[in-house]
S.K.: 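I have a structure I would like to understand better, so I am pasting it below and will then ask my questions one at a time.
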Amino acid sequence: MFAHNKKLQYSVHVEECNPGLANLMLEQFGGPQGELAAAMRYFTQALAEEDHGRKDMLLDIATEELSHLEVIGSIVAMLNRGAKGELAEAVAAEADLYRSMQGAGNDSHVTQLLYGGGPALTNSGGMLWTAGYIDSIGDPSCDLRSNIAAEARAKIVYERLINVTADPGVKDALGFLMTREISHQQSFEKALYAIEPNFPPGKLPGKQEFANVYVNTSQGEGDMRGPWNSDDNFRNVDDRASQLAMDGGDGKPSVNLSKQQQECLSAFAGRTASETDSNPTTGAELGKQDY
């Protein structure tokens with residue numbers, strides 16, 4: 001059960017209306033790294049979580065993400081408030097209204113014309129929010145790693161928004177939201193490392209002979225060595241021939257077919273075979289012009 005408090009988690013003071021900036025803010029409202037995606041990711045994970053501690057953490061963070069959605073949505077609405085009234089009441093000439101929505105670097109018609117100045121569940125490019133942003137798979141070690149990455153990506157988007165924002169009040173609020181991403185990332189990391197062992201994900205250990213092998217498939221100028229492929233951590237496979245059929249087999253696919261299946265497949269292959277010595281005239285040749 002949820003209960004709403006009318007106070008925002010962080011006070012937001014907008015210096016002046018800016019529809020173009022409002023449009024950029026939608027990235028953290030309805031974008032893939034935004035607050036709604038985060039809330040839905042953690043909320044659905046919590047419902048399926050069997051560990052009581054992780055369940056409690058996920059519900060706490062999911063609910064906080066909804067409060068962040070409210071903060072971002074409020075910023076979008078306030079940045080659009082002046083233009084909202086002007087557009088609704090047509091106080092300016094048509095050309096002036098159009099220029100205000102389509103000025104240099106301004107694509108604010110997404111929020112103004114289509115959504116009346118309110119926050120929309122789209123990203124800054126107008127693409128509708130989708131549940132496809134949620135990448136949970138139901139294994140705690142996998143999902144926690146994904147959550148850590150999601151918080152990191154969200155922090156970077158907030159940094160970019162701060163860098164394009166001149167409004168001090170908006171900068172301040174975005175700084176708070178960015179900092180909360182750092183806190184959540186730490187919580188998820190602590191929860192991940194509290195699972196021992198947590199790598200590799202899942203139950204099956206993998207085939208030991210391939211688990212610590214680095215296959216150098218991109219060779220040439222620029223080859224580098226580091227902890228990701230060092231001899232201390234991996235057995236490097238540089239030889240091209242050794243990279244093929246690493247199981248020791250012939251490297252060819254095979255399937256067992258019944259006699260009837262084989263007969264049908266042979267008949268199909270024969271009926272659809274290409275004549276390699278033919279040279280048919282094509283439609284492209286009939287329609288081309290001589291140059």
S.K.: Does any N or O in the side chain of N233 come within less than 3.5 Å of the main-chain N or O of W228, such that one atom is a donor and the other an acceptor?
M.R.: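 No.
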S.K.: Less than 3.5 Å apart, which donor and acceptor atoms pair up between the side chains of residues 208-215 and the rest of the protein, not counting sequence neighbours?
M.R.:
none

S.K.: For Q260, does the CD atom sit with more than 12 other heavy atoms under 6.0 Å from it, leaving out its own atoms?
M.R.: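 No, because the 6.0 Å sphere around CD of Q260 holds 12 heavy atoms or fewer from other groups.
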S.K.: Just by modelled atom types, is the Y133 backbone N or O under 3.5 Å from a matching donor or acceptor in the R41 side chain?
M.R.: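 Side chain of R41 to backbone of Y133: a pair is present.
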S.K.: Any donor and acceptor pair, going by atom type alone, linking the side chain of S183 with main-chain N or O of R180 inside 3.5 Å?
M.R.: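 The answer is no, because no donor-acceptor pair under 3.5 Å joins these two groups.
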S.K.: How many angstroms lie between OG1 in T130 and CG in N123, if you round to the nearest 0.5 Å?
M.R.: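 Between atom OG1 of T130 and atom CG of N123 there are 11.5 Å.
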S.K.: So, for N23 and S124, which heavy atoms are closest and what is the spacing to 0.1 Å?
M.R.: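 Result for this residue pair: ND2-O, 2.9 Å.
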S.K.: Can you see which heavy atom on I61 is nearest to which on S187, and at what distance?
M.R.: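 Scanning both residues, the minimum pair turns out to be CD1-CB, 4.3 Å.
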S.K.: Tell me, with the steps shown, if L36 and M40 meet side chain to side chain contact (heavy atoms under 4.5 Å, CB included).
M.R.: CA-CA 6 Å; L36 179 63; M40 294 300 98; 4.1 Å; yes
S.K.: Check whether more than 12 heavy atoms from other residues, nucleotides or ligands sit under 6.0 Å from atom CE of M127, and answer yes or no.
M.R.: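 Check fails, neighbour count at 12 or below.
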S.K.: Rounded to the nearest 0.5 Å, what separates atom CD in Q28 from atom CE in M178?
M.R.: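 Interatomic distance, Q28 CD to M178 CE, rounded to 0.5 Å: 12.0 Å.
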S.K.: Against I148, only a single residue in R153, H184, E189 fulfils side chain to side chain contact (heavy atoms under 4.5 Å, CB included); can you say which?
M.R.: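 Among the candidates, only E189 passes.
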S.K.: Is K155 salt-bridged to E159, going by a charged N under 4.0 Å from an acidic O?
M.R.: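 Yes, charged N to carboxylate O under 4.0 Å.
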S.K.: Drop me the distance from L161's CG to M25's CE, to the nearest 0.5 angstrom.
M.R.: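 The CG atom of L161 sits 5.0 Å away from the CE atom of M25.
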S.K.: Any donor-acceptor pair under 3.5 Å linking the side chain of N147 with the backbone of Y42?
M.R.: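 No, N147 side chain to Y42 backbone: no donor-acceptor pair under 3.5 Å.
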S.K.: Taking atom CG of L69 and atom CG of L121, what is their separation to the nearest 0.5 Å?
M.R.: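 Those atoms lie 7.0 Å apart.
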S.K.: Work out which heavy atom in D167 is nearest to a heavy atom in E15; give both atom names and the distance.
M.R.: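 Nearest heavy atoms, D167 then E15: OD2-N, 2.7 Å.
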S.K.: Check the surroundings of atom NZ in K171: do more than 12 heavy atoms from other residues, nucleotides or ligands lie under 6.0 Å from it?
M.R.: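 Result for NZ/K171: enclosed.
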S.K.: Looking only at heavy atoms, which two atoms of A173 and V12 are closest? And how far apart?
M.R.: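 That would be CB-CG2, 4.1 Å.
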S.K.: Tell me every residue that passes side-chain contact (heavy atoms from CB on, under 4.5 Å) with Q186, counting only those two or more places apart in sequence or in another chain.
M.R.: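 If we apply the side-chain contact (heavy atoms from CB on, under 4.5 Å) test to Q186, skipping adjacent residues, the hits are I182.
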S.K.: Might you point out which heavy atoms bring G31 and A37 nearest each other, and give the distance in Å?
M.R.: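 Heavy atoms only, the tightest pair is O-CB, 4.0 Å.
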S.K.: Starting from I134, can I reach F188 by hopping between I/L/V/M/F/W/Y residues whose side chains sit under 4.5 Å apart?
M.R.: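 No; I134 is not reachable from F188 via cluster members.
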S.K.: Donor-acceptor pair, distance only, cut-off 3.5 Å: does the side chain of Q243 make one with the backbone of V237?
M.R.: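 Yes; judged by distance alone, with no hydrogens or angles, the pair exists.
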S.K.: Looking only at heavy atoms, what is the nearest atom pair of L58 and Q45, with distance?
M.R.: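 Residues L58 and Q45, closest heavy atoms: CD2-OE1, 3.6 Å.
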S.K.: More than 12 non-hydrogen atoms from neighbouring residues, nucleotides or ligands closer than 6.0 Å to CD1 on I195, yes or no?
M.R.: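 Yes, CD1 of I195 has more than 12 neighbouring heavy atoms, counting only those of other groups under 6.0 Å.
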S.K.: By the definition side-chain hydrogen bond (donor to acceptor under 3.5 Å, both in side chains), identify the one residue from D238, N229, N236 that meets it with N216.
M.R.: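 Of the listed residues D238, N229, N236, the side-chain hydrogen bond (donor to acceptor under 3.5 Å, both in side chains) partner of N216 is D238.
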S.K.: Surrounding CZ of R225 (heavy atoms of other residues, nucleotides or ligands, distance under 6.0 Å), is the total greater than 12?
M.R.: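 Result for CZ/R225: enclosed.
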S.K.: Given Q262 and S266, is the side chain to side chain donor-acceptor pair (under 3.5 Å) satisfied, shown in steps?
M.R.: CA-CA 6 Å; Q262 184 61 60; S266 297; 3.3 Å; yes
S.K.: Between D143 (side chain only) and G138 (backbone N and O only), is there a donor and an acceptor less than 3.5 Å apart?
M.R.: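 It does hold such a pair.
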S.K.: Can you tell me if CD on E50 sees more than 12 non-hydrogen neighbours from other groups inside 6.0 Å?
M.R.: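 No.
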S.K.: Roughly how far, to the nearest 0.5 Å, is the CG atom of L144 from the CE atom of M57?
M.R.: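 It is 5.5 Å, given to the nearest 0.5 Å.
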S.K.: Does atom NE2 of H52 have more than 12 heavy-atom neighbours from other groups under 6.0 Å away?
M.R.: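 Open.
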S.K.: Looking at C142, is its backbone amide N or carbonyl O close enough to the side chain of S146 to form a donor-acceptor pair, meaning the two atoms are under 3.5 Å apart?
M.R.: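 No: the side chain of S146 does not pair with the backbone of C142.
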S.K.: For D277, does its backbone N or O pair with a side-chain atom of E275 as donor and acceptor, under 3.5 Å?
M.R.: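 Here the side-chain-to-backbone pair does not exist.
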